[in-house]
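None of these values were measured; they are calculated from a predicted model.
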Amino acid sequence: MTVVQETEATEISAIRTYEAMGFDEAVKMVRAAERLGFGVVLRNAERADEDGEVYLEWSLELLDEVPSADSE
């Protein structure tokens with residue numbers, strides 16, 4: 001997987017956001033998006049359950065295309 005950082009604003013829009021998933025599910029979704037030619041923004045946040053145990057919860061924003069990097 002290639003990670004790029006945009007230096008200029010582009011017209012890439014979010015198609016859908018998936019929230020509250022585990023790491024394994026997030027990885028599967030990133031791989032599927034890559035195969036289909038979509039871009040993704042993957043984020044995580046710490047959450048606590050009823051017992052006070054902290055865990056990571058993942059969210060994925062599906063983009064209509066993969067951002068491209070400018071060649072130097």
Side-chain angles (χ1 to χ4, degrees):
M1 178 184 306
T2 304
V3 177
V4 294
Q5 182 176 359
E6 286 294 310
T7 56
E8 298 178 10
T10 59
E11 297 276 336
I12 297 176
S13 59
I15 297 172
R16 185 168 179 167
T17 301
Y18 299 91
E19 297 181 353
M21 67 180 83
F23 179 75
D24 292 338
E25 185 179 0
V27 169
K28 288 178 187 177
M29 292 193 64
V30 168
R31 288 179 178 160
E34 181 181 32
R35 284 188 206 119
L36 295 170
F38 293 106
V40 295
V41 175
L42 186 62
R43 295 183 177 93
N44 65 29
E46 288 186 347
R47 303 280 188 237
D49 61 12
E50 299 87 29
D51 299 329
E53 289 189 45
V54 177
Y55 63 95
L56 284 179
E57 182 176 271
W58 295 85
S59 66
L60 181 134
E61 188 173 359
L62 188 63
L63 306 175
D64 61 356
E65 64 183 67
V66 176
S68 61
D70 293 331
S71 300
E72 291 187 27

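- When all heavy atoms of Asp64 and Ile15 are compared, the closest pair comes out as CA-CD1, 3.4 Å.
- Using modelled atom types, no side-chain atom of Asn44 and backbone atom of Trp58 make a donor-acceptor pair closer than 3.5 Å.
- You'll find the side chain of Arg47 stays beyond 4.5 Å of the side chain of Val54, heavy atoms only.
- Here CZ of Phe23 is found 10.0 Å from CG of Leu56. Values are rounded to the nearest 0.5 Å.
- With values rounded to the nearest 0.5 angstrom, Lys28 atom NZ is found 9.5 Å from Arg31 atom CZ.
- One hydrophobic cluster holds both Leu36 and Leu60 under the rule that ILVMFWY side chains link at heavy-atom gaps under 4.5 Å.
- Both Met21 and Leu42 sit in one connected hydrophobic cluster of ILVMFWY residues. Membership requires side-chain heavy atoms under 4.5 Å apart, directly or through other members.
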**Message:** Is there a salt bridge (charged side-chain N to carboxylate O under 4.0 Å, His left out) between Glu61 and Arg16? Walk through the geometry before answering.
**Reply:** CA-CA 6 Å; Glu61 188 173 359; Arg16 185 168 179 167; over 6 Å; no
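- Taking CD of Glu57 as the reference point, atom CZ of Arg43 lies at 13.5 Å (rounded to 0.5 Å).
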**Asked** side-chain contact (heavy atoms from CB on, under 4.5 Å) between Thr17 and Leu62: does it pass, once the steps are laid out?
**Response** CA-CA 6 Å; Thr17 301; Leu62 188 63; over 6 Å; no
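- Val40 approaches Ala33 most closely through the heavy-atom pair CG1-CB, 3.5 Å.
- In terms of heavy atoms, Asp49 sits closest to Tyr55 at N-CE2, 3.9 Å.
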